[in-house]
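Letters A, B, ... are given to chains in the order of the sequence lines, protein chains preceding strands, and every chain is numbered from 1.
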6 protein chains.
Amino acid sequence: MLLHLSTWQEIETYLQQSQGMIFPIGSTEQHGPTGLIGTDAICAEAIARGVGEATQALIGPTINVGMALHHTAFPGSISLRPSTMIQVVRDYITCLAKVGFTKFYFINGHGGNIATLKAAFSETYAHLEDLQIANAPKVQCQVANWFMCSSVYKLAKELYGDQEGSHATPSEVALTQYVYPESIKQAPLSPEVASGHKIYSATNFRIRYPDGRMGSNPGLATPEHGKQFYDLAVKELSDGYREFLTAE
Amino acid sequence: MLLHLSTWQEIETYLQQSQGMIFPIGSTEQHGPTGLIGTDAICAEAIARGVGEATQALIGPTINVGMALHHTAFPGSISLRPSTMIQVVRDYITCLAKVGFTKFYFINGHGGNIATLKAAFSETYAHLEDLQIANAPKVQCQVANWFMCSSVYKLAKELYGDQEGSHATPSEVALTQYVYPESIKQAPLSPEVASGHKIYSATNFRIRYPDGRMGSNPGLATPEHGKQFYDLAVKELSDGYREFLTAE
Amino acid sequence: MLLHLSTWQEIETYLQQSQGMIFPIGSTEQHGPTGLIGTDAICAEAIARGVGEATQALIGPTINVGMALHHTAFPGSISLRPSTMIQVVRDYITCLAKVGFTKFYFINGHGGNIATLKAAFSETYAHLEDLQIANAPKVQCQVANWFMCSSVYKLAKELYGDQEGSHATPSEVALTQYVYPESIKQAPLSPEVASGHKIYSATNFRIRYPDGRMGSNPGLATPEHGKQFYDLAVKELSDGYREFLTAE
Amino acid sequence: MLLHLSTWQEIETYLQQSQGMIFPIGSTEQHGPTGLIGTDAICAEAIARGVGEATQALIGPTINVGMALHHTAFPGSISLRPSTMIQVVRDYITCLAKVGFTKFYFINGHGGNIATLKAAFSETYAHLEDLQIANAPKVQCQVANWFMCSSVYKLAKELYGDQEGSHATPSEVALTQYVYPESIKQAPLSPEVASGHKIYSATNFRIRYPDGRMGSNPGLATPEHGKQFYDLAVKELSDGYREFLTAE
Amino acid sequence: MLLHLSTWQEIETYLQQSQGMIFPIGSTEQHGPTGLIGTDAICAEAIARGVGEATQALIGPTINVGMALHHTAFPGSISLRPSTMIQVVRDYITCLAKVGFTKFYFINGHGGNIATLKAAFSETYAHLEDLQIANAPKVQCQVANWFMCSSVYKLAKELYGDQEGSHATPSEVALTQYVYPESIKQAPLSPEVASGHKIYSATNFRIRYPDGRMGSNPGLATPEHGKQFYDLAVKELSDGYREFLTAE
Amino acid sequence: MLLHLSTWQEIETYLQQSQGMIFPIGSTEQHGPTGLIGTDAICAEAIARGVGEATQALIGPTINVGMALHHTAFPGSISLRPSTMIQVVRDYITCLAKVGFTKFYFINGHGGNIATLKAAFSETYAHLEDLQIANAPKVQCQVANWFMCSSVYKLAKELYGDQEGSHATPSEVALTQYVYPESIKQAPLSPEVASGHKIYSATNFRIRYPDGRMGSNPGLATPEHGKQFYDLAVKELSDGYREFLTAE
């Protein structure tokens, strides 16, 4: 059930049976010479909708811009500052907690979002208690990273070994190829790819990772792999969401 | 050209020929008993993509949650506070202005966004000048409301007269029916509909407008009307964008 | 009744009969070669006091610095950033709502304030509901622009036609001449005056509008015209305030 | 020379001979049963204008709402939070420092403003250095409290002794009587008046100081005293401003 | 009783007998050629612990970085901006007020903290009332500057006369020598020392005070003096804390 | 080398040979019936000083209050909100980066700090680039959690097995016993201890973890164990710091 395709009366009805909601969260950032700038949001959204179908969960609007400051020296990347993103998450959850939602499951497609999301959850719990919203002590948020699902991780290792890398990975590129087969990109990929540098400022990142990839060979990706990753992630995160719903 | 389906190298190439970009901006808010919660984002996104095709413009990620605080007493509505939204817009434009974009055209589907967007533009211009970004004095933002296009307005009056109303209007509902024919909703619509109250707090709004409509009869909407609105808006805003690009 | 010339006990008494209050809001910004930097605050304050006399309304302290970032390349202009102004308005109204005021009527002299004021109202309504102030759902704010009164607009067109322009207009200059006849300024006004450029950054504004005027010929202003504008605005806004007070 | 009655070209000329500017800053807060709510702003503004005449200084718009949170349990009091006021001061000075002003002299009528003003000055100096404004290291701000002038203090002790108190004092009431003789208020003043309690929250303040006075007997004030205070403050602060201008 | 060496159950017990707490607050800033960068925190912490022993008060964690923006052109100095420090103090007190603490006594070692601390207290009182915390109207904060104790001041005058100066003073250096005798520093101290300049930006400060001292001769300090200052400050502030606890 | 026991001239000298600095960061939060509220800061500080001795690194002031919102229902716990902590870290690093420091190593004692620290680093890198500080692209921050050192983890498993738990662990309690043998606490520890609940709001946390422990048996701790943990952590983090210094 997609929030944006529902009426408020349908949501009122939904709330009588579930107080849970899933937010896909991605990023708008460079993904190397062949990766789509929307990769992280595309993956998160596709998987979240799959989980929504499997679990009857309500899926909120995709958060398509996240915390990607380190990518912003590459044109087309957009980022919130962490302090902005904390306010955004706080605003979203506050609106929804006031009308009765208590379980927020963020299906995340971007490693760079994790720290800020967790900080935002802490800030939000305290804010809701300050507001003395009836449900405040019941509100629970969780970040679920599809790319860290054990089944996904295992398959990526099998298919790509070390060439999976850690950004602009063949696994995420494969998933976008499955979702948008008409947007499969071709571009030269040098066999040597930078890896192993930590992430600091945007300027530093572009110097260290000149074509945007971090140790990955996205040339290995295929749409068929993408479907496999999709299926695994949907299954594992559907289980994760169900468990989250029932946890105290 | 959709940013999320492009690579950073494609954006680098695009920047050599154009420094313009279009952001669809909507809202996630109740639209009466039969209107979709995503109506404003759906309309803005569809039209923006049409404009993008007509003008070769780059289309950024849809801002699907806007300033809808007054709707938040209806379940499913999500809003940024204006102060948060100002930071969000500032963050987006700062990232893009740094790499060379100077013309930002916001195709907007929600009246409630206008004031905050304009405030955000002012804040952003000053911020960019403070940062001493080379292009700062050239950066221009514009909000273009599809529902205020003269051709759209004229058609809405012809088709619906006074029953167009001002929220959950048949014109916007029609457009969503055209885009998502599988999500056309049915629900009882009382012939009497509240209208004429100004907008204040969320609690007050729900008291004044108990089913969420403001003077409208969305029951008049059809997907065929939606296509007409779409075509008119795309044409008028494509002209608007071209003019914006060439303005000093 | 002027707040700054009242005692707190007089305000306590006033509150028993009215919960309404008027804030004059202007700006401190260049108004061309002959316009006073305080024009917008002077006009708003004078008219607000006239309305106060006509309606027995309480008049708060004049907000004499507003949102004028685009004028700040001209010396003497002062502006709040929109994000600051939102906090200012929020602070003002929160103090007053807590002690029982519910109707806030902002008589505004500066077009550049409108967007930020509206954003501030939205932010404030939500803040008051978060604070669970008893009166929160009753709090109503309205911006009333004296220069957009239909009677004022009509007279300006009659007297000045196209030479009214949109900034440093003869109508506002006339009003300041009526209020401060000893401060009527003389300076060369080139017959050609820039017009038609949209408003972006401060640097851009000064390039486009080198003497600060936007399409106007303030040389046409006379104190007698000023009195006419004053009388029309006071009458129309007094009606507006009375209507605002009685609206649900 | 009053900023609000000047044109931008007059300010441009002024800047060639002086980079100094005076801001009157007061408060909008209860001043006991007979004191005007605008007392602090009225006194600061009147004295600042006197100093302006004596020294040819430019006088900016009066900051008529300050930091008076502790008075807000009395109706009619309005306060900025300190964090808001810091942003306001930062915004004012940033605009003016960018066009060449470097010396900002705040003639202050309210003890409660002092701490926040000083904090704001520190924040602003650092902000200007961050912006790399050419004049940043030259920018100097000073708060000058008229009620702490030694000549004023001495006269108050002579005229009122212990009955001067520390809020709603006869000296400040006298000064407002001199400026607004038509607004002299009469109200019962109990001979016992609270004093000696420290200032904490608004609720606490109203409990400790039930009629708003702090140890004062404003019944002793006369307009003639007010003229004396005015003359002394103008003279002492004119000297103070001249000294400030010449200090490195 | 030191908070960091207590368990939460011990604090629960403590709260049954006292709702008071002491925070040492210092700064991390240059103190001339021979003064320790931690001087202000070292002095505040040592004295606070002495007061804690004398009065059985609970001592919170030392706030070792304060408002020292004007010192930051000297390497090793660290400062919060005032707006940050206000949030820090607000966060601290809010946590503690929620569990029952009401009396917060800040033993301060740095003059530059005073204004911001006072601003922070005002902001916090209002915040607690907004949160409707039961104890909000009872919460009281006080800043107690050890270097302004009359007994300390008197001794410093006796020992050092004018050579006490106002920063990197022999009295504070002496106190650090008493606390850390192993860290007594030797460095050339020119007999001429800058003094009398007001404090503005960091750049300006370093130009005016090239070795960091303000009119002081810290070469006069001895650990024995330090012990005397310590004893006097502990005694005077212990009395001050007891008085603070019993004040309404 | 401890910053607070150094002079600014010593820091100036230090900077010629190293641009690195270590910050101990802990928390002020409940640690079960026998754990010290300062545990995390005590451990981080002690280890950081050991690392400083081993590597000649400069050690900054201990950040003794961190992100512990979830513990604040237990008396004595103090927390910054994440949004405050981000500003604090930003302020610290900005001061130091301006004078030439580029490598910031945060030795951390509290898991709850990690997310916010990482968010703060991202915010800070972008801020420094915005300020156009010369060194901005070279600035690097790293969080090093002593309790996640592999040698520490291994020893904890050997000594305590599952009774290590995840909060108020015997390993951290042991380390505080080693540092403060005079503050070893005795209190009843029920053999059953809550575990396995995720962390949400403060209220929820206290319900789930009634005595504050998370699956741990701190009764197993001894000061001798503490020394072992200390030695291992100092060794491993000294290596870590050296590696960090030399990394590009």
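Heavy-atom pairs under 4.5 Å with chain F were tallied for P75(E), A41(E), A73(E), G35(E); the largest tally goes to P75(E). Per-residue heavy-atom pair counts under 4.5 Å with chain E were compared for G212(F), A68(F), S183(F), and the maximum is reached by S183(F). With chain E as the partner, the residue from M21(F), R90(F), H31(F) showing the most heavy-atom pairs under 4.5 Å is R90(F). Of the listed residues (P33(E), A202(E), G26(E)), the greatest number of heavy-atom pairs within a distance under 4.5 Å of chain F belongs to P33(E). With chain E as the partner, the residue from I63(F), D211(F), L2(F) showing the most heavy-atom pairs under 4.5 Å is D211(F).
For the pair T7(E) and G32(F), the tightest heavy-atom approach, listed with the atom from each and the gap, is CB-O, 4.2 Å. The two atoms that bring K185(F) and S6(E) nearest to each other are NZ-CA, 4.0 Å, heavy atoms only. Between V99(E) and G76(F) the shortest heavy-atom distance is CG2-N, 4.4 Å. The shortest heavy-atom contact between N64(E) and T62(F) is ND2-O, 3.1 Å. For C95(E) against S79(F), the heavy-atom pair with the smallest separation is SG-N, 3.3 Å. Closest non-hydrogen pair, S77(F) versus L96(E), comes out as O-CD2, 4.1 Å.
Distance check: I11(E) CD1 to I37(F) CD1 gives 4.5 Å after rounding to the nearest 0.5 Å. The structure places CD of E29(F) at 14.0 Å from CH2 of W8(E), a figure rounded to the nearest 0.5 Å. L5(F) CG to T39(E) OG1: the interatomic distance, rounded to the nearest 0.5 Å, is 9.0 Å. Note that the OG1 atom of T34(F) and the CD atom of E10(E) stand 10.0 Å from one another [nearest 0.5 Å].
Heavy atoms from other residues, nucleotides or ligands lying under 6.0 Å from NZ of K138(E) number 12 at most. Around atom CD of E182(E), more than 12 heavy atoms belonging to other residues, nucleotides or ligands sit under 6.0 Å away.
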Which atom pairs, donor and acceptor, lie under 3.5 Å between side-chain atoms of residues 81-89 of chain E and protein residues at least two apart or in another chain?
from, atom 1, to, atom 2, distance (Å)
R81(E), NE, D91(F), OD1, 2.9
R81(E), NH2, T84(E), OG1, 3.4
R81(E), NH2, Q87(F), OE1, 2.7
R81(E), NH2, D91(F), OD1, 3.2
S83(E), OG, E123(D), OE1, 3.2
S83(E), OG, E123(D), OE2, 2.6
T84(E), OG1, D91(F), OD2, 2.8
Q87(E), OE1, R81(F), NH2, 2.7

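Interface remark: Y92(F) contributes backbone and side-chain atoms alike to the contact with chain E (heavy atom separation under 4.5 Å). In this structure, the portions of E12(F) lying under 4.5 Å from any heavy atom of chain E include both its backbone and its side chain. Proximity to chain E (any heavy atom under 4.5 Å) is restricted, for A187(F), to the side chain, taken from C-beta onward. Both the backbone and the side chain of L3(E) have a heavy atom closer than 4.5 Å to some heavy atom of chain F. Of the atoms belonging to L80(E), heavy atoms from both backbone and side chain fall under 4.5 Å from chain F.
Within the 4.5 Å cutoff, no side-chain heavy atoms of T94(F) are placed close to those of T72(E). Under the 4.5 Å side-chain criterion, counting only non-hydrogen atoms from C-beta, I78(F) is in contact with F23(E).
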